[in-house]
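Let me begin by presenting the structure, written as structure tokens, before commenting on it.
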Number of protein chains: 2
Amino acid sequence: MLTIGTLSKKTGTKVQTIRYYEQIGLMPEPGRTEGGQRRYDNAQLDRLSFIRHSRQLGFSLDAIRELLDLSDQPNRPCEEADAIARRQLKQVEQRMARLKALRTELKRMVHECSGGRTADCKVLEVLRDHSECLTEHDEIGA
Amino acid sequence: MLTIGTLSKKTGTKVQTIRYYEQIGLMPEPGRTEGGQRRYDNAQLDRLSFIRHSRQLGFSLDAIRELLDLSDQPNRPCEEADAIARRQLKQVEQRMARLKALRTELKRMVHECSGGRTADCKVLEVLRDHSECLTEHDEIGA
DNA sequence: GCTTGAACCTCTAGTAGCTAGAGGATGTAG
DNA sequence: CTACATCCTCTAGCTACTAGAGGTTCAAGC
């Protein structure tokens with residue numbers, strides 16, 4: 001029987017976060033002591049590890065919910081899990097492409113700045129005038 | 001004199017977002033008609049363009065606030081603006097590095113999945129067992 | 001058995017950067 | 001002068017947590 005603090009240390013998840021996962025139904029309600037404190041077993045430790053690892057790979061909580069559901073049904077075809085992972089891979093690749101464009105633009109800005117007054121600052125100038133951009137970077141967000 | 005809708009179209013910013021920027025003090029309070037509707041001038045259009053362009057380059061609203069302040073003081077040395085841009089560049093590079101590691105791991109997962117039952121699914125297996133990972137990917141978040 | 005203090009509990013509110021909707025007022029074209 | 005697109009304010013919601021207040025429980029040491 002593990003306390004929430006032990007689970008926290010073993011998985012590198014903050015205590016509050018574990019309770020949050022329970023609240024949104026990602027973690028099951030654990031048993032309680034007479035005094036009302038949560039006690040976990042190894043199945044729940046595994047589940048939390050799964051969640052954490054998936055988060056580290058960038059999966060959304062919704063995606064993780066799907067993956068956990070699939071994981072609970074061993075006889076279903078694994079295409080769905082595969083599709084979720086592919087979707088995630090695609091997202092990561094899109095984000096990388098966008099960041100690459102941003103990096104190009106930022107590098108250019110920084111390199112052109114010669115360190116005078118803000119009035120002549122290339123950085124600010126580029127930000128003021130989008131038409132100076134060489135790359136497209138239309139989307140906002142990570 | 002531009003309505004908020006016109007400003008919205010010209011900058012590709014949602015009307016609600018413009019009002020939000022005003023609320024948090026990033027955009028100045030504009031003039032109003034007798035009936036209370038906002039009316040903007042070209043200086044405000046420029047400011048909003050600056051904000052939007054900076055957002056597209058991934059700057060946080062706080063960073064943009066600093067950049068706008070600097071932009072308003074033409075005689076200060078531009079080192080600060082330069083530093084903000086460099087900081088942003090660094091962040092972008094860090095995020096790229098992390099995404100690269102994620103991509104590697106996701107690719108491996110997806111390629112190893114041979115399409116059987118979920119019980120044998122490589123995707124789920126990898127998620128279950130962190131020790132199978134070849135790459136480090138300790139941080140959560142974009 | 002009793003005390004102490006770390007760890008637990010619930011609840012609320014805050015973070016970034018918006019976005020959506022309710023319910024009502026205004027402005028302008030025909 | 002009417003219709004209706006656009007505007008107004010206000011509140012609440014999104015993701016994925018995180019922090020803190022104020023109070024209770026557990027386990028170890030004496």
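Numbers restart at 1 for each chain; the letters A, B, ... are given by sequence-line order, proteins then strands. Please read these numbers as outputs of a predicted model, since none were measured by experiment.
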So, is B/Arg52 near the phosphate of C/dC18, with a side-chain N or O under 4.0 Å from OP1 or OP2? yes
Pick base, sugar-phosphate or nothing for A/Arg19, based on heavy-atom distances below 4.0 Å to the nucleic acid. base
Whole-Å distance, B/Glu29 CD to D/dC8 C1', equals 14 Å
Can you tell me the distance, in whole Å, between the CE atom of B/Met1 and the C1' atom of C/dG27? 16 Å
Below the 4.0 Å mark, does D/dC8 have OP1 or OP2 next to a side-chain nitrogen or oxygen of B/Arg38? yes
Answer yes or no: is there an ion pair linking A/Glu66 with A/Arg87, defined by an N-O contact shorter than 4.0 Å? yes
Report yes if a side-chain nitrogen or oxygen of B/Thr17 is closer than 4.0 Å to either non-bridging phosphate oxygen (OP1 or OP2) of C/dT19; otherwise report no. yes
Among the candidates D/dT18, D/dT9, C/dC18, find the nucleotide nearest to the side-chain atoms of B/Tyr20. C/dC18
Name the pairs: protein N/O against N/O of nucleotides 24-28 of chain D, kept only if under 3.5 Å.
from   : atom 1 : to      : atom 2 : distance (Å)
D/dC26 : OP1    : A/Thr33 : OG1    : 2.7
D/dC26 : OP1    : A/Gly35 : N      : 3.0

Just how far, in rounded Å, is C1' of D/dT15 from CG of A/Leu26? 13 Å
Taking salt bridge (Lys or Arg N to Asp or Glu O under 4.0 Å) as the test, write out the residues that go with B/Arg19, two or more places apart. none
Can we say B/Arg128 and B/Glu125 salt-bridge, meaning some charged N sits less than 4.0 Å from an Asp/Glu carboxylate O? no
B/Arg55 side chain, from C-beta outward: closest of C/dG17, D/dA16, D/dT9: C/dG17
Starting at atom CD of B/Gln16, determine the distance to atom C1' of C/dC18, rounded to an integer number of angstrom. 10 Å
When the distance from CG of B/Asp62 to P of C/dT15 is rounded to whole Å, what number comes out? 11 Å
Using a strict 4.0 Å threshold on nitrogen-to-oxygen distance, state whether B/Arg86 and B/Asp82 make a salt bridge. yes
On DNA chain C, nearest-nucleotide positions of A/Ile4 versus B/Ser60: which is more 5'? A/Ile4
If you check every side-chain atom of A/Lys14, which of D/dC17, C/dA20, D/dT18 has the closest atom? D/dT18
Under a 4.5 Å cut-off applied to non-hydrogen side-chain atoms, are B/Ile24 and B/Arg65 in contact? yes
Rounded to the Å, how far apart are B/Ile18 CD1 and D/dC8 C1'? 14 Å
For A/Arg52 and A/Tyr21, which I'm curious about, is there any donor-acceptor pair between the side chains at under 3.5 Å? yes
Nearest whole Å is fine: how far is D/dA16 C1' from A/Met27 CE? 16 Å
For A/Thr13, the side-chain hydrogen bond (donor to acceptor under 3.5 Å, both in side chains) test, sequence neighbours excluded, returns A/Thr11
Provide, to the nearest angstrom, the distance between the CZ atom belonging to B/Arg32 and the C1' atom belonging to D/dT6. 14 Å
